[in-house]
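As structure tokens, the structure follows; a few thoughts come after it.
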Amino acid sequence: MIQIFFYLTFALYGCATVAYLAYLVRTTTAVEIWANRLVMAGFVTHLLSTIHRFSSSGHLPITNMHESLSFFALAIVGAFILFERKYKVTILGAFIIPIALLLVVSSSAFPSAIRELNPALKSNWLWIHTIMAFISYAMFTIAFGAAVIYLIQQYFLKKKRLGALFQKLPSLNTLDDINYRCLTIGFPLLTIAIITGAIWAEKAWGTYWSWDPKETWSLITWFIFAALLHSRLTTGWRGKRASLLTIAGFLIMIFTFIGVNLWLPGLHAYK
Amino acid sequence: MTSTDRDFVHSIWDFFCSLKLTMALLIGLAAISIIGTIIPQGALPPEYVQEISPAKLKIYKSLGFFDMYHSWWFILMLYLLTVNLVACSIKRLPHIWKTIKNPVTIFSSAQEKSLSGVVSFPHAGDAAAAKDKVAVFLKSEFAAPLVSESDGDWHFFAQKTPWCRLAVYCVHLSVIIIFIGAIIGSLFGYKGFVNIMEGESISSVMSRSNKQIDLGFSLRCDQFSVAHYANGAPKEFKSILTVLENGKPVPDYTNARVIVNDPLTYKGITFYQSSYGNAGNYFFTVSDLDGKNPVSVTVAGQDSVTLPDGSSMHVTESTKDVSEFAPGLSGPAAQVELHSANGKTESFIVYANHPELNIQHAQQHGVGPVIHYKGAQERMYTGLQVAKDPGVEIVWLGCLLMVLGIYAAFFMSHRRIWVRIQNGIVTIGGNASKNQAGFQLHLERLVSKLKTELSGEKKS
């Protein structure tokens with residue numbers, strides 16, 4: 001019973017992925033409406049599943065891999081729905097929703113048993129620290145999606161292959177706009193996540209910075225996005241180079257989130 | 001200075017001001033940081049030293065890979081980044097400052113050409129009345145304008161949040177403040193560790209670099225306790241601590257509770273709950289298989305004792321009540337590890353209330369000894385992380401400044417509007433330091449409203 005919303009989410013994201021990929025091939029209003037409906041329904045069941053887990057465990061469901069992968073997917077889908085509304089870029093879903101599906105699938109591969117909270121996690125900082133981190137991760141994921149489409153569009157332009165797909169995908173300007181908007185939200189939130197993490201570490205471990213792998217990798221992510229923002233804002237680095245750096249930043253962020261937990265031992269290894 | 005000297009100084013200055021340097025440093029710091037998360041840091045585990053070749057070990061050591069974040073070249077890059085930040089700010093700040101302090105208040109035609117989306121329309125009535133209307137309008141709808149007259153024309157200049165152009169320098173300053181805090185912490189602070197037995201007190205701690213540090217006061221552990229979840233995982237561990245000055249308890253620091261996430265700070269030194277253990281005595285009776293030659297054996301804490309038959313034993317875990325782990329059994333039990341004289345090692349549980357199980361275990365192995373558990377005298381100690389960091393407040397100040405600065409830098413914009421009344425024509429234009437498209441929409445709405453007010457029509 002407890003898992004029913006989770007499996008429903010699973011199924012709905014699966015259908016939504018098919019619908020968005022179908023939209024890439026057959027761009028009709030009917031497909032668009034159905035893709036939107038499916039992803040909305042999936043988001044609602046996902047939210048219910050998360051709330052259910054929250055109420056039965058009594059803590060924010062982000063304390064092991066099963067919970068945090070699912071929470072990450074929730075944040076991505078939520079961010080996608082907002083961006084889709086604002087920029088009217090349904091097609092972005094074909095690149096973002098499969099990522100969410102993949103995360104939910106990998107989440108289900110990890111043991112889902114609710115575990116008791118270890119003493120170090122009992123703090124109100126858990127809320128602000130992790131929620132900020134997850135929203136910033138979601139923003140960087142949307143930026144990644146936009147960057148990938150940007151590179152595809154630019155390839156078409158260069159080869160002068162302005163076919164059907166080129167017409168369907170958003171314009172370079174829109175993509176660049178989305179990329180910038182995501183960075184300006186994601187970067188401040190990542191900064192807050194790191195700072196609140198430092199405050200918490202100071203309270204729990206007696207030092208605000210201990211070069212733990214998670215800390216270091218989040219700082220690496222921060223350096224990369226700081227570099228990207230500087231290049232954009234002062235020398236107007238846009239387009240291809242910005243897209244490539246966005247993709248690099250996203251891959252590093254994914255490693256910060258997943259790789260560090262699984263492969264690098266440290267204070268943050270909540271498996 | 002000769003001109004080549006000047007060129008040289010200039011090129012150095014340009015080098016430190018360049019964004020290329022910033023990019024290289026940020027990406028370089030990111031790359032170097034990775035090394036420290038892959039290669040073990042600090043004291044190397046012996047298995048690792050055996051695994052890698054001596055040549056590699058030597059190279060890694062000389063490059064500082066084993067203490068990456070304190071290696072000279074990592075620190076050098078941080079210094080370079082600081083110099084880069086300061087140089088960039090010095091280069092750009094005067095210009096920004098001028099934009100804020102001495103704005104262009106006359107809406108000249110040159111200024112007009114630098115803006116996009118400038119609108120002109122005629123106004124009704126005389127210029128003086130129009131001037132008052134525009135001034136009132138700007139004040140109520142945007143910001144109080146600076147009004148000036150030039151060649152009989154009226155010029156208006158109004159702006160919002162000009163200071164947010166400084167936000168980016170505020171962020172740069174915050175990075176430097178955080179560095180200063182970190183340096184102060186590493187010069188005047190320390191990190192250490194101390195174990196305190198229940199009922200005992202300490203007056204010095206051991207630092208990470210194995211130096212004895214005198215606290216200048218004493219700290220007593222009055223009590224230590226652990227609460228467990230049903231599955232045996234620790235739920236909360238708690239120390240009750242009292243600070244003593246010259247042997248006397250300090251009020252407000254008497255019976256202070258310290259748990260994980262809730263430390264105790266006294267005179268700038270903070271004590272964090274970190275670990276715990278039992279250093280009490282365990283009591284056993286050891287006999288031959290047939291029950292002959294019983295001897296009492298006391299095991300102190302984690303120590304190991306030698307039994308009459310030459311084997312040695314130590315306690316790995318103990319409980320006062322075994323029933324929560326083994327339903328049907330009751331009373332105290334201890335898990336012991338026995339190293340026989342012939343080199344065999346086995347781990348098993350001995351009970352206080354179930355001597356038959358102890359005998360049965362020994363019989364299954366054919367030889368003695370039979371070990372009976374007689375209970376323990378518990379004596380817990382608390383493990384405290386000790387830190388003194390006089391730079392930490394400065395770091396928090398830097399963090400606060402960084403958050404405010406980033407907020408202002410990303411989400412606020414310096415918006416300016418210029419208006420001119422010339423020969424019965426009103427001309428209006430403006431710009432924003434960020435989100436120009438959004439500002440343009442806002443300006444269009446303002447213009448249509450102003451048009452209605454100046455056209456002499458009655459407001460509907």
Side-chain angles (χ1 to χ4, degrees), chain A residues 115-126 177 181 183-185 187-189 191-192 194-196 198-200 202-217 219-231 233-235 237 245 248-249 252 255 260 263-264 266, chain B residues 19-20 22-34 36-38 41 68-70 88 92 168 171 181-182 185 191-192 227 229-231 233-237 259-263 270-274 384-387 389 392 395-396 398-400 402-403 406-407 409-411 434 437:
Chain A
R115 274 189 297 176
E116 308 289 0
L117 216 50
N118 94 38
L121 289 181
K122 277 191 206 153
S123 166
N124 285 330
W125 291 107
L126 177 70
D177 247 24
R181 183 55 35 198
L183 291 181
T184 55
I185 300 172
F187 185 75
L189 290 180
T191 310
I192 295 178
I194 294 176
I195 290 175
T196 52
I199 297 174
W200 188 8
E202 161 75 21
K203 270 190 155 300
W205 301 324
T207 166
Y208 55 85
W209 196 263
S210 47
W211 295 106
D212 159 78
K214 190 79 154 194
E215 290 174 354
T216 310
W217 276 92
L219 189 67
I220 293 168
T221 314
W222 195 85
F223 280 148
I224 296 293
F225 284 111
L228 179 54
L229 277 166
H230 278 89
S231 62
L233 290 173
T234 47
T235 55
W237 244 38
L245 206 51
I252 288 173
F255 187 79
V260 171
W263 298 307
L264 298 177
Chain B
L19 188 83
K20 275 195 186 125
T22 315
M23 296 285 288
L25 287 172
L26 285 173
I27 294 176
L29 280 167
I32 297 179
S33 300
I34 294 176
T37 66
I38 298 169
Q41 299 288 294
M68 199 62 248
Y69 310 109
H70 301 103
C88 283
R92 298 198 169 94
V168 59
V171 177
K191 302 246 151 48
Y229 286 115
N231 65 4
K235 183 180 182 182
E236 180 187 275
F237 30 116
I259 58 172
V260 181
N261 272 322
D262 195 1
T270 310
F271 299 89
Y272 302 85
Q273 185 67 65
S274 165
L384 301 172
Q385 198 86 249
V386 186
D389 190 344
V392 75
V395 171
W396 296 152
C399 288
L400 180 70
M402 181 180 276
V403 171
I406 286 183
Y407 176 79
F410 284 137
F411 299 108
K434 259 165 285 184

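These figures come from a predicted structure and were not determined experimentally. A note on names: the letters A, B, ... follow the listed sequences, proteins ahead of strands, and every chain is numbered from 1.
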[X], part contacting chain A, at a heavy-atom distance under 4.5 Å:
X         : result
Val395(B) : side chain
Ile34(B)  : both
Ala182(B) : both
Ser274(B) : neither
Met402(B) : side chain

Say you draw a straight line from [atom1] of [X] to [atom2] of [Y]; how long is it, rounded to the nearest 0.5 Å?
X         : Y         : atom1 : atom2 : result
Ser33(B)  : Phe223(A) : OG    : CZ    : 5.5 Å
Ile224(A) : Met23(B)  : CD1   : CE    : 8.5 Å
Ile27(B)  : Ile220(A) : CD1   : CD1   : 12.5 Å
Phe225(A) : Leu26(B)  : CZ    : CG    : 13.0 Å

Contacting region of [X] [heavy-atom separation from chain B under 4.5 Å]:
X         : result
Trp125(A) : neither
Ala198(A) : both
Leu229(A) : side chain
Thr207(A) : both

With respect to chain A, which residue among [options] yields the maximal number of heavy-atom pairs within a distance under 4.5 Å?
options                                  : result
Ile32(B), Val392(B), Thr22(B), Ile259(B) : Val392(B)
Val403(B), Leu29(B), Thr270(B)           : Leu29(B)
Phe410(B), Phe271(B), Phe411(B)          : Phe410(B)

*asked:* Using a 3.5 Å distance criterion without hydrogens, assess whether the side chain of Tyr69(B) forms a donor-acceptor pair with backbone atoms of Ser210(A).
replied: no

*If every non-hydrogen atom of Asp389(B) is compared with every non-hydrogen atom of Tyr208(A), which pair is closest and at what distance?*
OD2-CE2, 3.2 Å

*Apply side-chain contact (heavy atoms from CB on, under 4.5 Å) to Trp396(B) and Glu202(A), showing your working.*
CA-CA 11 Å; Trp396(B) 296 152; Glu202(A) 161 75 21; 3.7 Å; yes

